[in-house]
Amino acid sequence: MTAVDVKPNANFAHESIRAHRRRANRNLAIYVSRFAILVAILATWQFGVSDASLPYFSRPTLIAGRLAELLSGETIYRHIYVTLTEIVLGYVLGALIGLVLGFVLGRSPFLSSVLQPYIMALYSIPKIALAPVFIVWLGLGIASKVAVVLLSSFFLVFFNTYSGLLGVNEEFVRLARLMGASWTHTIGRVVLPAAAPQIFIGLKTAVPYAVIGAVIGEYIGANEGLGFFILYASQTYDVPSLFSGIILLVCIVFVVNVGLTRIERRFMHWRNLGPQTLTF
Amino acid sequence: MLNKNDFSGPSDVALAFRDVSLNFGQGIKSVPAIDRVNFDVLNGKVTTVVGPSGCGKTTLLRLAAGMVPASGGEVLHDGARVNGLNTRVGFVTQDSNLFPWLTALQNVEFPLIARGVPKDERRERAHRWLKLVGLTGFENHYPSQLSGGMQKRVSIVRTLIYEPNVVLFDEPFGALDAQTRMTLHHELLELWKQKNSTMLFITHDLVEAITLSDQIIIMTRRPGRVKQIYQVPLARPRNVFEIYLEPGFDEAYSALWEHFKSEIVPG
C-alpha cells in the first residue's frame with residue numbers, strides 16, 4: 001500500500017527536477033548570449049578602429065590598460081571618493097526629504113493641494129539649469145554638487161512615495177484601526193508596507209539621476225571628482241582616460257543598484273513568491 | 001424549558017439600533033440610505049440582515065463599527081452609544097483584505113500585537129486558531145499562496161482571535177464556490193458554538209441566512225427600512241450540508257421569500 005502511495009509522489013518529484021533543469025538550461029542560454037553580445041561589441045571596437053581614428057575612439061585593450069594604471073595610482077581614488085560623497089550625501093538627503101514630504105502630502109489632501117503648484121513649478125525646472133545657481137551660492141566644492149544631487153533624486157522619491165501612499169487600500173487602514181492598532185502602529189505596520197513597492201521604485205530610479213546630477217554639477221564647475229576627471233580627459237584628448245572615467249561611473253551605479261535591490265528583496269520577498277497558488 | 005430569547009432584557013442585547021438613519025450627501029442633494037432602523041442583536045446569537053442590493057446593509061455594519069456617524073438615531077453597544085471607532089467589534093469584510101506582506105500566522109497575530117498581547121501567548125493563540133480551521137502547515141504561507149477559501153479562513157480567524165464582543169460579517173462568502181461556502185458555514189457555526197460569540201451577518205442569500213441565523217432582519221429597498229424580523233425555527237446543531245432537509249427549512253424559506261420578493265421584483 002505504501003508503495004502505491006509513493007509512486008505518484010516520485011513521479012511528481014521527477015517532473016519538478018526536469019522542470020528545474022529546463023529552467024537552468026534557459027538561464028545558462030541567456031547568460032551565454034549576453035556574454036556573446038559583449039564580446040562582439042568589444043571585438044568590433046578593438047579591430048574596427050583604424051590607426052587614423054585611434055586618437056578619437058581608442059581601443060578596449062588600451063582603455064583596460066589605462067584603467068588598470070589609474071587604479072594602481074592614487075589620484076583616481078580621490079576623484080571617486082569626491083563623487084561618491086556627493087552622490088551619497090545628496091541622494092540620502094534628497095530621498096529622506098522626498099520620503100517625508102511624500103508621506104505627509106500623501107496623508108494630507110489639504111497640504112498637497114496647497115503645495116501642489118510650488119512642487120510642480122520646481123519640478124518643471126530642469127535640475128541641471130540650477131547647477132550654476134548652486135555654484136554661485138555654495139562654491140566650487142562638494143556642497144553645490146550635493147545640492148544638485150539632492151534636487152535630482154528628491155522628485156522621483158517624492159512622487160513615488162506620494163502616489164504609493166495614495167494607492168494604499170483604505171480598507172487596510174480602517175481594519176487595522178478597528179483591530180486596535182494605534183496610529184503609529186498603523187503607519188509603520190500597514191501604510192508603509194502597503195506603499196513600499198512604489199517607494200522602492202522611486203528609490204531605485206532616483207539612483208541614476210543622482211549620479212547624473214553629481215557628474216553634470218562637476219562638468220559645470222569643479223576641481224575634483226569623476227565628472228571633473230572625465231571633462232579634463234576630454235579637453236586634453238585623453239580618450240582612454242575619458243572612457244575609464246565613464247566605466248567607473250557605470251560601476252558606481254551598478255553597485256548602488258545591486259545594494260538597493262538586496263534591500264528591496266529583504267523587505268518585499270512576499271511579492272516574488274511565484275505562481276504556487278493552492279486550490280482547495 | 002424556557003428560551004432565554006423570549007425574555008430578552010437589556011443585558012441580553014449586545015447591539016441595539018435605535019431609529020438609525022443615514023443620509024448620503026448634504027442639503028438638497030441628500031439621499032437617505034437607511035431610514036429609522038430598529039432592531040437588536042442579542043448576545044450569543046447570530047443575527048442576519050437580508051435585503052436587496054443597495055438597501056444599505058453594509059452601512060449598518062459601518063455604523064455599528066463607528067466608521068460612519070448616524071444622521072439620526074443611535075447605535076448602542078452594551079447600552080453605550082457608539083461614538084467614533086468601535087474597537088470592541090470585529091469586522092470581517094467582503095474581500096479577505098489580508099495584509100499581503102504578512103504570512104498567515106503574522107496576519108492572525110496582527111490584532112494581538114496591536115492589543116499588546118505578549119509574544120508567547122499570541123504565538124500559541126495564533127497556532128491554536130489556525131488549527132481550528134485546518135490551516136496547520138500553512139502558517140508561513142503568504143496570502144497570495146493560499147486559495148480563496150483558505151484566505152477567507154485566515155480573515156475570519158484574524159477577527160475572531162481577539163474575541164471581539166460582536167463580530168460583524170459583510171457578505172464574506174459571496175465570492176466562494178458553493179462547496180467551499182458550505183464548508184465555511186459549517187466551520188463558522190462550529191466556532192460560534194465553541195466561543196459562544198455574537199454575530200451580525202449581512203447577506204443577500206436567503207439560504208445562507210436560514211443556515212446561520214437565529215434571527216433574520218429583512219430590509220426593504222432603498223431607503224432601507226426594517227420590513228420584518230423573523231425568528232428562525234430550525235433547531236441546532238444544523239446540518240449545513242443538507243440544510244434543505246432540516247425540519248422547518250421549507251416553511252422558513254417560503255416565509256422569508258414572501259417578504260423578500262416584493263422588494264426585488266419591480267412593480
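This structure is a prediction, so every number in the text was calculated from the model and none was measured.
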Top contributor to chain A interface from B:Thr87, B:Leu85, B:Leu112, B:Asn97 [non-hydrogen pairs under 4.5 Å]: B:Asn97
Sole candidate of B:Leu200, B:Asp40, B:Ile34 that passes side chain to side chain contact (heavy atoms under 4.5 Å, CB included) when paired with B:Phe17: B:Leu200
Validation row, ring centre B:Phe91 to ring centre B:Phe169 under 6.0 Å: no
B:Asn86 portion near chain A, given a 4.5 angstrom heavy-atom threshold: backbone
B:Ser213 vs B:Thr48, side-chain hydrogen bond (donor to acceptor under 3.5 Å, both in side chains): CA-CA, chis, key distance, verdict: CA-CA 6 Å; B:Ser213 341; B:Thr48 296; 2.6 Å; yes
B:Tyr162 portion near chain A, given a 4.5 angstrom heavy-atom threshold: side chain
Under 4.5 Å from any heavy atom of chain B - which part of A:Ala196: neither
Contacting region of B:Leu98 [heavy-atom separation from chain A under 4.5 Å]: backbone
Side-chain H-bond candidate by donor/acceptor type, B:Gln106 with B:Thr103, under 3.5 Å: yes
Cation-pi geometry met for A:Lys127 and A:Tyr209 (6.0 Å, 45°): no
Under 4.5 Å from a heavy atom of chain B, the part of A:Leu175 involved: side chain
